[in-house]
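All values below were derived from every heavy atom in this structure, side-chain atoms included, with hydrogens, water molecules and symmetry-related copies excluded. All ligand and atom numbering here is 1-based and tracks the order in the structure.
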Amino acid sequence: MSTIFSKIIKGEIPSDKVFENERILAFKDINPVAPVHLLIIPKKEIPDLQSVSSEDLSLISEMVVVAQQLAKEFGVEDGYRLITNNGVPSGQQVFHLHFHLLGGRKLGALG
Ligand code: AMP
């Protein structure tokens, strides 16, 4: 299912890109909840974490490496949170897998 993130990947909707290669795109969240709030997404259409298959595992690993690099680039490598919402009860709004990279302030408890 195509989402707004597919349109961002295709360049049909603008985004504030911070990283791109053939497989992965990262951009600033349009509604940041922290001074650093980036979204790291695969270009492959995967709806959520629960839909990740074994063939996608190298892609997920690469997303983690991109997160590490971006954390350094944005100066939050000493303290950040990498999270993904899976499904409506978790608060997921866009059904294209994405990691939120949050940092730059003291982050509260999860819940
Ligand atoms: P989630 O609730 O985990 O599905 O997160 C979706 C995130 O996408 C939210 O934090 C939104 O602010 C963000 N978002 C939605 N549309 C855009 C957009 N066009 N550009 C950047 N971020 C967006």
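Given atom 20 (N) of ligand 1, the protein heavy atom at minimum distance is Ile30 CB, 3.6 Å. Among protein heavy atoms, atom 11 (C) of ligand 1 sits closest to Asp29 OD1, 3.4 Å. The protein heavy-atom contact nearest to atom 2 (O) of ligand 1 is Gly91 O, 3.0 Å. The protein non-hydrogen atom at the shortest distance from atom 4 (O) of ligand 1 is Gln93 N, 2.7 Å.
Around atom 3 (O) of ligand 1, the closest heavy atom drawn from Val33, Val88, Asn85, Val94 belongs to Asn85.
Heavy atoms of Phe95 stay at 4.0 angstrom or farther from ligand 1. Heavy atoms of Ser15 stay at 4.0 angstrom or farther from ligand 1.
Smallest separation of non-hydrogen atoms from Arg81 and Ile83: CG-CG2, 3.6 Å. Of all the heavy atoms in Phe27 and Val18, the pair that sits closest is N-CG2, 3.9 Å. Annotation for Ala71 and Tyr80: closest pair CB-CE2, 3.5 Å, computed over non-hydrogen atoms.
Using a 4.0 Å cut-off between heavy atoms, Phe5 contacts ligand 1 through its side chain alone, with no backbone atom that close. Only the side chain of Ile8 comes within 4.0 Å of ligand 1, counting heavy atoms alone; its backbone N, CA, C and O stay farther away.
Listed for the Asp48 side chain is no donor-acceptor partner under 3.5 Å among the backbone atoms of Gly87.
Leu39 places a side-chain heavy atom less than 4.5 Å from the side chain of Phe5. Here the side chains of His96 and Ser2 are not in contact, with every heavy-atom distance at 4.5 Å or above.
Rounding to the nearest 0.5 Å gives a distance of 8.0 Å between CE of Met63 and CG of Leu82.
Applying the 4.0 Å criterion to heavy atoms of Asn31 picks out, from ligand 1, the atoms 12 (O). With ligand atoms numbered from 1 in the order given, ligand 1 contributes 21 (C) to contacts under 4.0 Å with heavy atoms of Lys28. Counting the atoms of ligand 1 from 1 in the order shown, those under 4.0 Å from a heavy atom of Leu39 are 8 (O), 13 (C), 22 (N).
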*asked:* Run the side-chain contact (heavy atoms from CB on, under 4.5 Å) test on Val52 and Leu59 for me, step by step, so that the C-alpha distance in whole Å, both residues' side-chain angles and the decisive distance to 0.1 Å come before the verdict.
replied: CA-CA 10 Å; Val52 167; Leu59 183 59; over 6 Å; no
*Could you go step by step and tell me if His100 and His37 meet the side-chain contact (heavy atoms from CB on, under 4.5 Å) rule?*
CA-CA 7 Å; His100 297 256; His37 187 171; 2.9 Å; yes
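Considering backbone and side-chain N/O of His98, one or more are found under 3.5 Å from N/O of ligand 1. By the 3.5 Å distance cut-off applied to N or O atoms, His37 is not counted among the residues near ligand 1.
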